[in-house]
Amino acid sequence: IDGKKVLCFKLLDPSHPNYNEKQHCFTEFETKQIKNSFGDLEERFVIRQRIKMGKKTVKTSISLTDRGSMKYPVLIGRRFLKGRFIIDVSESYLTEKKK
């Protein structure tokens, strides 16, 4: 568009219950070599985006890959969580401190 490369993608697989056809487009992106879960290097697109989790909003880098055949559509990485959140693996869907 206007001489700029544009990265466009849709979130979630069409079979996912929360899927919508909204297309997300970015003019600011890069490609990086990232190790996948098998330890193999693959080239991925990386964008900078704000993520809201609970009451916190954090600007972070997000690498994009096709997760259509995987159980979870999104993974949140250690670097994003470190120093910002405490993870209790015995609980689910918590966004606020316990009273």
Side-chain angles (χ1 to χ4, degrees):
I1 298 175
D2 297 330
K4 285 188 174 184
K5 290 185 178 183
V6 179
L7 172 66
C8 295
F9 58 91
K10 293 179 183 178
L11 295 175
L12 304 174
D13 186 81
S15 64
H16 193 280
N18 293 330
Y19 175 77
N20 63 37
E21 293 193 23
K22 183 177 179 183
Q23 189 165 329
H24 302 270
C25 294
F26 292 82
T27 55
E28 293 183 27
F29 62 92
E30 60 185 335
T31 57
K32 285 188 177 180
Q33 294 286 323
I34 295 178
K35 283 187 184 178
N36 63 20
S37 59
F38 301 109
D40 300 325
L41 280 177
E42 60 185 32
E43 190 169 44
R44 293 188 188 174
F45 291 106
V46 177
I47 58 172
R48 297 276 300 160
Q49 188 63 30
R50 286 183 179 84
I51 301 291
K52 183 173 182 181
M53 188 176 291
K55 294 179 181 178
K56 289 187 180 186
T57 300
V58 180
K59 190 164 187 176
T60 189
S61 293
I62 301 170
S63 70
L64 305 173
T65 191
D66 182 1
R67 296 190 55 81
S69 63
M70 298 180 195
K71 184 174 180 179
Y72 299 104
V74 175
L75 295 181
I76 298 174
R78 296 184 309 266
R79 281 178 270 163
F80 174 80
L81 297 170
K82 188 175 182 178
R84 294 185 181 108
F85 301 95
I86 297 172
I87 306 303
D88 184 345
V89 297
S90 69
E91 298 284 347
S92 298
Y93 302 104
L94 301 176
T95 56
E96 295 180 0
K97 292 180 183 178
K98 289 184 177 181
K99 293 180 180 180

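Under the 4.5 Å side-chain heavy-atom criterion for grouping Ile, Leu, Val, Met, Phe, Trp and Tyr, I87 is connected to V58 within one hydrophobic cluster. Hydrophobic clustering (ILVMFWY, side-chain heavy atoms < 4.5 Å, transitive): V89 and F85 are in one cluster. The cluster map of Ile, Leu, Val, Met, Phe, Trp and Tyr, joined by side-chain heavy atoms under 4.5 Å apart, puts V6 and F45 in different clusters.
In this view, L41 and Q33, K35 satisfy the side-chain contact (heavy atoms from CB on, under 4.5 Å) rule, not counting sequence neighbours. Here K22 pairs with N20, H24 under the side-chain contact (heavy atoms from CB on, under 4.5 Å) rule; sequence neighbours left out. For N18, the side-chain contact (heavy atoms from CB on, under 4.5 Å) partners are L12, H16, not counting sequence neighbours. Remark: I34 engages K32, R44, V46, S63 in a side-chain contact (heavy atoms from CB on, under 4.5 Å) (not counting sequence neighbours).
When all heavy atoms of R84 and K56 are compared, the pair lying nearest together is O-NZ, 2.7 Å. Smallest separation of non-hydrogen atoms from Y19 and L11: CD1-O, 3.4 Å.
Between N36 and T65, every side-chain heavy-atom pair lies at or beyond the 4.5 Å cut-off.
Within the model, atoms OG1 of T27 and NZ of K4 stand 5.0 Å from one another, a figure rounded to the nearest 0.5 Å. Atom NZ in K10 sits 5.0 Å away from atom CD in E21 (nearest 0.5 Å). Note that CZ of R50 is 12.0 Å distant from OG1 of T60, once rounded to the nearest 0.5 Å. With rounding to the nearest 0.5 angstrom, the CG atom of L7 is 8.0 Å from the SG atom of C25.
Other members of a hydrophobic cluster containing I86 are absent, since no ILVMFWY side chain comes under 4.5 Å of it, directly or through relayed contacts.
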Which donor-acceptor pairs under 3.5 Å do the side chains of residues 75-82 make with protein atoms, sequence neighbours left out?
none

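Ring geometry, F26 versus F9: the interplanar angle falls under 30°, so the pair is classed parallel (tilted spans 30 to 60°).
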